[in-house]
Amino acid sequence: MEGVEGDGASALAPLAKWRNDFSRTFQYYLDRSTPHPVQRWLGTLAAASIYVLRVYYVQGFYIISYGLGIYLLNLLIGFLSPKVDPELEVMDGPSLPTKGSDEFKPFIRRLPEFKFWYSFTKAFCVAFLMTFFSVFDVPVFWPILLCYWVVLFVLTMKRQILHMIKYKYVPFDIGKQKYSGKKSTASSSRLPAD
């Protein structure tokens, strides 16, 4: 009996080693992509384009696209929401300022940008792979699914935008002031000679 268990364990050892090596290599490249958000999102746009072309070419798999749309909407809501929702939780630590006299506290997302990108990209890759199996090609009338998804998107985003307005937070860095350093203060500190 011991010989049989030893053979099974030795057969699995190369597979476990390959899986460990693949996992480490994948994590290495994932870590290297972290400081390059524009390139990451361009790659995701390419993956999304390939998926859209596949669905258009095959003229099917609309239920997968609908499920993908619902999942991406859920990710977007997590990306736009604060980590600590002032409406739901009692504040013990830092929170979003709700009045003009409150101290400024930075916006911390519930779903960070990198995890948002990673889940977004992984969802398109999984959906693309699912289009190669006919069991997922459920016949549906796609205009109804599209209309339902648009209504769901509009209602969800309306609620999210009203939440942003009510608690006065902006989840984007566009238009926010950035620290420019000492170069502007050094030239302005000199006094003109009389």
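Along the sequence shown, residues are numbered consecutively beginning with 1.
Within a 6.0 Å radius of CZ in Phe132, more than 12 heavy atoms belonging to other residues, nucleotides or ligands are found.
Within the 3.5 Å criterion, the main-chain N or O of Thr131 finds a donor-acceptor partner in the side chain of Arg54. Checking side-chain atoms of Trp149 against main-chain N and O of Gly69 turns up a donor-acceptor pair under 3.5 Å.
Contacts of Tyr148 classified as ring pair (Phe, Tyr, Trp, His ring centres under 6.0 Å), with partners at least two apart in sequence or in another chain: none. Residues passing the side-chain hydrogen bond (donor to acceptor under 3.5 Å, both in side chains) test with Gln27, sequence neighbours excluded: Asp31. Under the ring pair (Phe, Tyr, Trp, His ring centres under 6.0 Å) criterion, Phe79 pairs with Phe116, sequence neighbours left out.
To the nearest 0.5 Å, atoms OG1 (Thr156) and CD1 (Ile77) are separated by 5.5 Å. Distance CG/Leu80 to CZ/Arg110: 9.5 Å, rounded to 0.5 Å. Rounded to the nearest 0.5 angstrom, Gln160 CD and Ile165 CD1 are separated by 11.0 Å. Taking CZ from Arg32 and OG1 from Thr34, the interatomic distance works out to 11.0 Å, rounded to the nearest 0.5 Å.
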Cut-off 3.5 Å, no hydrogens considered: what does the side-chain donor-acceptor table look like for residues 134-143, sequence neighbours left out?
{"unit_1": "Asp137", "atom_1": "OD1", "unit_2": "Phe61", "atom_2": "N", "d": "2.9"}

Check: residues 18-25 side-chain donor-acceptor pairs under 3.5 Å, at least two apart:
{"unit_1": "Asp21", "atom_1": "OD2", "unit_2": "Lys17", "atom_2": "NZ", "d": "2.9"}
{"unit_1": "Thr25", "atom_1": "OG1", "unit_2": "Asp21", "atom_2": "O", "d": "2.9"}

Distance-only criterion, 3.5 Å: show the donor-acceptor pairs between side-chain atoms of residues 119-130 and protein atoms not counting sequence neighbours.
{"unit_1": "Ser119", "atom_1": "OG", "unit_2": "Lys115", "atom_2": "O", "d": "3.0"}
{"unit_1": "Thr121", "atom_1": "OG1", "unit_2": "Thr44", "atom_2": "OG1", "d": "2.5"}
{"unit_1": "Thr121", "atom_1": "OG1", "unit_2": "Trp117", "atom_2": "O", "d": "2.9"}
{"unit_1": "Thr121", "atom_1": "OG1", "unit_2": "Trp117", "atom_2": "NE1", "d": "3.2"}

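Under the 4.5 Å side-chain heavy-atom criterion for ILVMFWY residues, a single connected hydrophobic cluster contains both Leu68 and Tyr57. Linking Ile, Leu, Val, Met, Phe, Trp and Tyr residues whenever their side-chain heavy atoms come within less than 4.5 Å leaves Phe153 and Val151 in two separate clusters. Taking hydrophobic clusters as Ile, Leu, Val, Met, Phe, Trp and Tyr residues chained together by side-chain heavy-atom distances below 4.5 Å, Tyr56 does not share a cluster with Leu146. By the rule that hydrophobic residues join a cluster once side-chain heavy atoms approach within less than 4.5 Å of another member, Leu155 and Ile70 end up as members of separate clusters. Phe114 is not connected to Leu45 by any chain of hydrophobic side-chain contacts under 4.5 Å among Ile, Leu, Val, Met, Phe, Trp and Tyr, and they are in different clusters.
Using a 4.5 Å heavy-atom cutoff, the side chains of Glu113 and Tyr118 are not in contact. In this structure, Leu111 and Lys83 have side chains that are not in contact, with every pair of non-hydrogen atoms separated by 4.5 Å or more.
Judged purely by distance below 3.5 Å, without hydrogens or angles, the side chains of Ser33 and Arg40 never pair a donor atom with an acceptor atom. If you check the side chains of Ser65 and Tyr51, you find a donor sitting under 3.5 Å from an acceptor.
The nearest pair of heavy atoms linking Pro37 to Pro35 is CD-O, 3.2 Å.
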